[in-house]
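Side chains are part of it too, since the values below use all heavy atoms of this structure and drop only hydrogens, waters and symmetry mates. Position 1 is the first residue of the sequence; numbering continues from there.
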Amino acid sequence: MTSVDLAELGLRERKRLATRRAIQLAVVDLVSERGLDGVTVDEISRVADVSPRTFFNYFASKEEAMLGDAPVLPSVGLVETFVHGTGQIFDDLSVVIIGSTEKSMADIDMMQRRHRLLTQYPELLAARMATMRKFEGEVDAIVAERLVHDDPSLASRDKELERRARLVTLVAFAAMRHAWTTWGSGEQASHLAERLRESFGELRTLFT
């Protein structure tokens, strides 16, 4: 692939992300004004300046557009650094968690507005939590790798490894949920990444 091709690919990706954000912003604005039941895909498409067909290329429904994107594991390099890390496991895992949410955290205004709306619709908040399950499973897998790296004998003790990895993941997600809750209520840190660091810092204090 030539440098021109790469540049074009970058432009297409930027346009794709801009269209996706325009749709999500239209949903948030319209639902804020009229409520979820008072908004149609046609109206969302008009405000976002796209066709309904384009809307459905990005989202299956207005509810899906409201939910936003679930976190995904960061770069392979960051994951490998965690798996082979030598620090306190929750400190190292916090770097992965923050890296996983970095993309969504870049749009603070959108996050705050969506968070406020989701609290008004329990069914959407529950759906948002369901989208986190895949991410939780991915974190569980890399935690298991880290535990085997720290104690190779666990590789032959499947059940014990599974229990330990699950415990570490659940504790980490509790810290993540704590950060989301306090950030959403407007306490202290205005940036979610900072709140995540503080929550994991509090976790470290409790463990020591």
Side-chain angles (χ1 to χ4, degrees), residues 14 16-50 52 54-74 93-139 169-203:
R14 288 195 297 273
R16 186 189 71 80
L17 293 174
T19 299
R20 187 177 183 84
R21 185 184 188 278
I23 292 171
Q24 291 177 314
L25 188 59
V27 173
V28 170
D29 285 344
L30 288 170
V31 172
S32 296
E33 295 172 5
R34 306 180 194 175
L36 187 62
D37 292 337
V39 175
T40 67
V41 169
D42 284 345
E43 290 173 316
I44 295 166
S45 301
R46 177 178 55 79
V47 171
D49 196 24
V50 300
T54 297
F55 174 95
F56 287 114
N57 285 338
Y58 286 84
F59 302 101
S61 66
K62 61 184 179 181
E63 289 82 4
E64 182 179 306
M66 267 285 296
L67 293 179
D69 301 318
V72 293
L73 288 178
L93 187 53
S94 70
V95 176
V96 174
I97 297 293
I98 292 170
S100 299
T101 58
E102 188 174 22
K103 180 180 177 182
S104 58
M105 287 190 301
D107 199 337
I108 298 298
D109 179 59
M110 176 78 79
M111 287 181 65
Q112 291 176 331
R113 294 166 69 182
R114 178 184 288 120
H115 182 80
R116 286 192 294 268
L117 281 176
L118 289 180
T119 60
Q120 298 174 30
Y121 296 96
E123 69 278 13
L124 290 183
L125 191 58
R128 172 65 180 178
M129 296 306 298
T131 65
M132 296 290 288
R133 290 175 188 155
K134 179 177 182 293
F135 177 58
E136 189 175 317
E138 292 171 346
V139 172
T169 301
L170 289 175
V171 170
F173 268 68
M176 188 178 181
R177 189 169 293 117
H178 175 262
W180 269 96
T181 301
T182 53
W183 174 80
S185 65
E187 291 183 20
Q188 299 178 23
S190 60
H191 199 288
L192 181 56
E194 184 181 348
R195 186 58 244 176
L196 282 164
R197 292 187 186 95
E198 290 177 359
S199 289
F200 275 94
E202 291 166 10
L203 183 64

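Annotation for Asp49: atom CG does not count as buried by contact number, only 12 or fewer foreign heavy atoms lying within 6.0 Å.
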- request: Could you walk me through whether Val72 and Phe135 pass the side-chain contact (heavy atoms from CB on, under 4.5 Å) test, one step at a time?
  value: CA-CA 6 Å; Val72 293; Phe135 177 58; 5.7 Å; no
task: May I have the step-by-step check of side-chain contact (heavy atoms from CB on, under 4.5 Å) for Arg16 and Thr19, ending in yes or no?
output: CA-CA 5 Å; Arg16 186 189 71 80; Thr19 299; 5.9 Å; no
Step-by-step side-chain contact (heavy atoms from CB on, under 4.5 Å) determination, Phe55 to Asp42: CA-CA 9 Å; Phe55 174 95; Asp42 284 345; over 6 Å; no
query: Given the rule in the side-chain contact (heavy atoms from CB on, under 4.5 Å) test, do Glu33 and Leu30 qualify, once you have shown the distances and angles that lead to the verdict?
result: CA-CA 5 Å; Glu33 295 172 5; Leu30 288 170; 4.3 Å; yes
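Within the 4.5 Å cutoff, the side chain of Arg177 has heavy atoms near those of the Met129 side chain. Contact annotation: the side chain of Thr54 never approaches that of Ser45 to less than 4.5 Å [non-hydrogen atoms, C-beta and beyond]. Taking 4.5 Å as the limit, some side-chain heavy atom of Val139 sits within range of a side-chain heavy atom of Leu93. Contact of the Leu36 side chain with the Leu124 side chain is registered, since non-hydrogen atoms from C-beta on lie closer than 4.5 Å. Between Glu63 and Glu123 the shortest side-chain heavy-atom distance does not fall below 4.5 Å. Counting only heavy atoms from C-beta outward, the side chains of Phe59 and Leu67 never approach each other to under 4.5 Å.
Shortest non-hydrogen contact noted between Gly35 and Tyr121 is CA-OH, 3.3 Å. For the residue pair Ser100 and Pro74, the shortest heavy atom distance occurs at OG-CD, 3.0 Å. Residues Ile23 and Ala65 share a closest heavy-atom pair of CG2-CB, 4.4 Å. When all heavy atoms of Arg128 and Pro71 are compared, the closest pair comes out as NH2-CD, 4.3 Å.
For Arg195 and Glu202, the salt-bridge test passes: some basic side-chain N is under 4.0 Å from an acidic carboxylate O.
Proximity of a side-chain donor or acceptor of Ser199 to a complementary backbone N or O of Leu196 within less than 3.5 Å is not detected. The main-chain N or O of Val39 is found under 3.5 Å from a side-chain atom of Lys62 such that the two form a donor-acceptor pair. Of the possible polar contacts, one joining the Arg114 side chain to the Met66 backbone as a donor-acceptor pair under 3.5 Å is found.
Within the model, atoms CD of Gln120 and OG of Ser32 stand 7.5 Å from one another, a figure rounded to the nearest 0.5 Å. The CG atom of Leu73 sits 4.5 Å away from atom CD of Glu138, with the distance rounded to the nearest 0.5 Å. A distance of 7.5 Å separates CG in Leu125 from OG1 in Thr119, rounded to the nearest 0.5 Å. For the atom pair Ile98 CD1 and Glu194 CD, the distance stands at 10.5 Å (nearest 0.5 Å).
Judged as a salt bridge (charged side-chain N to carboxylate O under 4.0 Å, His left out), and not counting sequence neighbours, the contacts of Glu43 are Arg34. For Tyr58, there are no ring-ring contact (aromatic ring centres under 6.0 Å, His included) partners two or more places apart in sequence or in a different chain.
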